[in-house]
Amino acid sequence: MTAGDAVTRDTLGRPLHDLRVSVTDRCNMRCQYCMPREVFGPGFVFAPRQELLTFEEITDVVAAFVRAGVRKVRLTGGEPLLRAGLPDLVAMVAAVPGVEDVALTTNGSLLARHATKLRAAGLQRVTVSLDTLDPELFTKLSDTEISLAAVLDGIEAASAAGFVPIKLNTVVRRGSNDADVERVAEFARRHGHIVRFIEYMDVGGTNGWRVDDVVPSSEIVTRLSARWQLEPIDPNYRGEVASRYRYLDGAGEIGVISSISQPFCGACTRARLSAIGEVYTCLFGSHGTDLRAVVRASSDDETRAGALDAAIAQLWGARADRYSELRSAHTRARQPRKVEMSHIGG
Ligand code: SAM
Ligand code: SF4
Ligand code: SF4
């Protein structure tokens, strides 16, 4: 099969279109809602190096996903810029025939050092996570020695390297950073970035998620509308997870991602590859399908490609995930242990 052949669909008729690739399960921050230090402390055992997919193995897996319909690839983590030589991987993934878009989600702390090389390697888009513009709150929320200034330098370097517009991801939590929403929006307006406010999700089992901590997107839009005039605009493409609004004064746009208040499983075309080569077909999955064993089983290119194609067709063909649409039922029934966000990437 070549890129563009028959599209693989899951049991709910959803095609496979995007792949998130986690390149490491490690991170230099300990955001409370993602890798709380009580769990991911000095005693936590991360994947040993030999368990991580190599860049060649990742590229083989990406190529197989492209043959199954994927067009967009996003590198993530953990913190993807902790993986040495990431620009080399960007170049390898961007060179896979059929890949139309290569993007990166990062906490921004190492971006100032790498932005130019990433651009030269063929990276098209960068998303930086930025939950607050208050330096003290930043230190508290990210539970790290890294300063907010380092992240802001990273954002500036990425702009200067040509990643325009930059997207900012802001996870809003009640009683945590929710007072900062207008300030982040103002910053994004001023610099031409696009901020996307994300509802805090019950990913994994370590962050102590409570529904009371979720700030619904409708509240964010109401608050921002009180300050600036906004109007809804069409999605950029079918299945876009963010609902978009533009400022009527021409200062760009914002997005809101309403995973909790308005789940969008019906349009979910995304697979996730963990750093150790497991594929998850849902952010809220309990276990992944091991593709590392498949990729390591044969040194013959054709045999390996055929085995990957068969494994991906099988796992996507069997997919029935719609966790967010069933969330309240799950909450009542207590579902099995879920994978952590830092393991499979956001
Ligand atoms: N370390 C990188 C970063 O922070 O951008 C990439 C990985 S991080 C897991 C990807 C995204 O997931 C980040 O924007 C982060 O804010 C988001 N995230 C993590 N835990 C979350 C949660 N419980 N609910 C919503 N978003 C979450
Ligand atoms: Fe690290 Fe990103 Fe998770 Fe924060 S959200 S702990 S930066 S992986
Ligand atoms: Fe996709 Fe699972 Fe999220 Fe639904 S809950 S949108 S299926 S990742």
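Just so it is clear, the values below take in all heavy atoms, side chains as well, and ignore hydrogens, waters and symmetry mates. In this text, all values refer to a predicted model and were calculated from it rather than measured experimentally. As the structure lists them, so they are numbered: ligands from 1, and atoms in each ligand from 1.
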Consider every N or O of N169 and every N or O of ligand 1, then say whether any pair is closer than 3.5 Å.
yes
Qualifying ring pair (Phe, Tyr, Trp, His ring centres under 6.0 Å) pairs, either residue in residues 236-279, two or more places apart:
W228-Y247
Any N or O on I198 sitting closer than 3.5 Å to an N or O of ligand 1?
no
Hey, which atoms in ligand 1 end up nearer than 4.0 Å to a heavy atom of V171?
16 (O), 25 (C), 26 (N), 27 (C)
Would you mind telling me if ligand 1 is within reach of the side chain of N207, the backbone, both or neither, using heavy atoms under 4.0 Å?
side chain
Looking only at N/O atoms, are D131 and ligand 1 under 3.5 Å apart anywhere?
no
Atom indices of ligand 1, in the order listed, that fall short of 4.0 Å to a heavy atom of S129:
3 (C), 4 (O), 5 (O), 13 (C), 14 (O)
Pairs of nitrogen or oxygen atoms closer than 3.5 Å, one from Y33 and one from ligand 1: do any exist?
yes
Between D101 and R71, is there a side-chain N and carboxylate O pair less than 4.0 Å apart?
no
Check each heavy atom of T105 against ligand 1 and say whether those closer than 4.0 Å belong to the side chain, the backbone, both or neither.
both
Distance filter under 4.0 Å to T76 heavy atoms, resulting ligand 1 atoms:
6 (C), 7 (C)
Establish, from distance only, whether the side-chain atoms of S258 and S217 form a donor-acceptor pair under 3.5 Å.
yes
Less than 2.8 Å from atom 2 (Fe) of ligand 3 is the window; count the protein N, O or S atoms in it.
1
Within the heavy-atom cut-off of under 4.0 Å, ligand 2 is lined by C27, M29, C31, C34, M35, G78, N107
Could you please spell out the steps behind the side chain to side chain donor-acceptor pair (under 3.5 Å) verdict for Y200 and N177?
CA-CA 11 Å; Y200 174 40; N177 64 334; over 6 Å; no
What I want to find out is whether R173 reaches D213 closely enough, with some N-O distance under 4.0 Å, to be called a salt bridge.
no
Distance-only donor-acceptor hits, side chain of residues 188-197, under 3.5 Å, sequence neighbours excluded:
from: R189; atom 1: NH1; to: D249; atom 2: OD1; distance (Å): 3.4
from: R189; atom 1: NH1; to: D249; atom 2: OD2; distance (Å): 3.3
from: R189; atom 1: NH2; to: D249; atom 2: OD2; distance (Å): 2.7
from: R196; atom 1: NH2; to: N169; atom 2: OD1; distance (Å): 3.4

Element-labelled atoms of ligand 1 that are located less than 4.0 Å from some non-hydrogen atom of M341:
9 (C), 12 (O), 17 (C), 18 (N), 19 (C), 20 (N), 21 (C), 26 (N), 27 (C)
Show your reasoning for whether salt bridge (Lys or Arg N to Asp or Glu O under 4.0 Å) applies to R37 and D143.
CA-CA 8 Å; R37 198 173 284 282; D143 196 2; 3.2 Å; yes
Between T289 and E278, do the side chains contain a donor N or O and an acceptor N or O under 3.5 Å apart?
no
Per-atom contacts, ligand 1 versus Y200 - under 4.0 Å to a heavy atom:
23 (N), 24 (N)
Does G78, backbone or side chain, put an N or O under 3.5 Å from an N or O of ligand 1?
yes
